[in-house]
Protein chains: 2
Amino acid sequence: MPRMGQEPKRRAALLAATVEEVGLAGTLDVTVGQIARRAGMSPALAHHYFGGKADIFLAAMRQILTDYGAEVRAALRTAPEGRRLEALIAANFSESCFAPATVSAWLNFYVLARRDAQAARLLRVYQARLRSNLVHALQPRAAAPQLAARRIAALIDGVYLRAALSGEGVAGAAEEVIAAAHALADIR
Amino acid sequence: MPRMGQEPKRRAALLAATVEEVGLAGTLDVTVGQIARRAGMSPALAHHYFGGKADIFLAAMRQILTDYGAEVRAALRTAPEGRRLEALIAANFSESCFAPATVSAWLNFYVLARRDAQAARLLRVYQARLRSNLVHALQPRAAAPQLAARRIAALIDGVYLRAALSGEGVAGAAEEVIAAAHALADIR
DNA sequence: AGGTTGATTGACTCATCAATCAATAAAAAT
DNA sequence: ATTTTTATTGATTGATGAGTCAATCAACCT
């Protein structure tokens with residue numbers, strides 16, 4: 001069985017398994033053993049490829065943010081000029097970003113960011129990017145883009161949070177946030 | 001030293017210590033020993049008064065919600081008729097609710113609610129109460145109170161979340177949410 | 001063939017902690 | 001005075017889980 005060049009596959013499998021496991025458990029209190037088993041390998045191998053548990057979590061968070069970034073970039077690229085705001089919000093509530101396990105993992109990484117400086121930095125990157133994207137999208141249509149962006153960002157996070165907690169279907173969440181965003185954009 | 005009627009004091013001390021410790025650590029990964037030490041007693045005594053760790057957390061969460069409920073009720077009682085909405089939002093961002101440790105503890109209890117059914121129930125009570133209060137306050141001034149309430153509730157949670165994460169000063173948060181809420185109330 | 005390197009794991013170590021328990025001490029009750 | 005009740009803790013137990021290490025195995029290179 002053991003062939004060469006397994007590293008990328010193993011790493012990817014571990015990251016996916018981490019998100020799944022954290023999402024399923026609803027907590028970062030998952031053992032390396034659980035993650036490794038789900039990824040189809042021994043705990044020792046997980047330690048071999050990543051230094052330790054913290055590194056695994058961090059890498060998983062980075063992965064989620066990367067995926068999110070790609071999703072957003074793709075959405076903005078294909079959006080018509082005047083509908084950047086709508087596309088941006090829709091991307092934030094896209095299927096891939098909104099898979100239950102992913103949302104739950106997000107929430108837990110939020111908490112991780114309170115302890116871990118590196119996680120906090122990652123999160124700040126995400127927040128800055130979201131804000132910047134929002135400001136850009138709001139530029140031509142809002143009286144006070146910076147202000148509106150801050151509010152809409154908070155709204156997005158809030159809806160996310162509620163989704164993560166109530167576990168209820170989030171169908172229509174994007175549309176609702178878009179409607180609310182239109183109202184928020186017009187504040188003077 | 002050992003006198004009678006210590007139980008209430010000890011319980012209260014443990015709950016306060018729990019919030020402080022969880023808030024400080026930024027995680028529920030605090031030991032009973034840490035909590036007990038901060039409350040000025042041995043770990044064994046903590047186990048004596050509460051059944052176990054889970055019970056301590058649950059009681060602490062209940063305490064936070066009780067305090068929050070009292071704060072809100074007081075604010076609504078003294079608010080003039082036409083300013084219920086503003087008073088309600090202000091109460092949600094009051095000093096006591098917004099102490100850093102408290103906010104951090106909230107966030108972690110949010111996460112706890114994903115695993116623990118009892119915690120989830122408590123959280124649902126809070127959410128229902130907030131929504132009901134918002135609907136009531138919006139009744140005379142919003143076209144669609146239910147809808148607006150849902151959005152404003154999400155916004156409040158979102159701002160809370162951001163405050164918990166960025167640790168930045170939240171001065172003026174209430175005013176900003178109030179302004180946004182006015183805009184959100186007018187959606188048809 | 002023989003050696004090097006990456007892949008892989010079982011077994012082990014070490015630390016941490018929740019929970020228990022028996023023992024002690026002080027008040028209250030009789 | 002002695003019995004009961006409440007308060008309190010030190011010491012212990014038992015489980016769990018992160019991280020390490022030496023050993024195995026297969027491919028690749030020379």
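Numbers restart at 1 for each chain; the letters A, B, ... are given by sequence-line order, proteins then strands.
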TODO: Give the rounded distance in Å between these two atoms: CZ of A:Phe57 and P of D:dG17.
DONE: 12 Å
Open item on the list: Please determine whether a side-chain nitrogen of the Lys or Arg among B:Glu86 and B:Arg141 lies less than 4.0 Å from a carboxylate oxygen of the Asp or Glu.
Closed with: yes
Task: Nearest-Å distance for atom pair CZ/P, residues B:Arg37 and D:dG10 - done: 12 Å
Task: First encountered from the 5' end of DNA chain D, between A:Gly51 and A:Thr31 - done: A:Thr31
Task: Over 12 foreign heavy atoms within 6.0 Å of CD, A:Gln146 - done: no
- [ ] Take the protein atom NE2 of B:His47 and the nucleotide atom P of C:dC17, then report the distance between them rounded to whole Å.
- [x] 13 Å
Task: Salt bridge flag under 4.0 Å for residues A:Glu21 and A:Lys53 - done: no
- [ ] Mark yes when over 12 heavy atoms from residues, nucleotides or ligands other than B:Arg83 sit less than 6.0 Å from its CZ; otherwise mark no.
- [x] no
Open item on the list: Tell me the interatomic distance from A:Asp29, atom CG, to C:dT16, atom P, rounded to whole angstroms.
Closed with: 17 Å
- [ ] Would you mind reporting whether B:His136 and B:Leu88 have side-chain heavy atoms less than 4.5 Å apart?
- [x] no
Task: Donor-acceptor under 3.5 Å (A:Ser132 side chain, A:Ala128 main chain) - done: no
Task: Nucleotide nearest B:Lys53 when distance is taken to its side chain, options D:dT6, C:dA19, D:dT20 - done: C:dA19
TODO: Could you state the atom-to-atom distance from NZ of A:Lys9 to P of C:dT8 in whole Å?
DONE: 11 Å
Open item on the list: Please confirm whether the shortest side-chain N or O distance from A:Tyr49 to OP1 or OP2 of C:dA7 is below 4.0 Å.
Closed with: yes
- [ ] Can you tell me the distance, in whole Å, between the CZ atom of A:Arg11 and the P atom of C:dT8?
- [x] 13 Å
Open item on the list: How many whole angstroms separate atom CD of B:Gln34 from atom P of C:dA18?
Closed with: 8 Å
Task: Identified ring pair (Phe, Tyr, Trp, His ring centres under 6.0 Å) partner of B:Tyr126 from the options B:Phe109, B:Trp106, B:Tyr160 - done: B:Trp106
TODO: Could you tell me whether the phosphate oxygens of C:dG6, OP1 or OP2, come under 4.0 Å of any side-chain nitrogen or oxygen in A:Gln6?
DONE: no
Where do N or O atoms of nucleotides 9-13 of chain C meet protein N or O atoms at under 3.5 Å, pair by pair?
| residue | atom | partner | partner atom | Å |
| --- | --- | --- | --- | --- |
| C:dT9 | OP2 | A:Ser42 | N | 3.1 |
| C:dT9 | OP2 | A:Ser42 | OG | 3.3 |

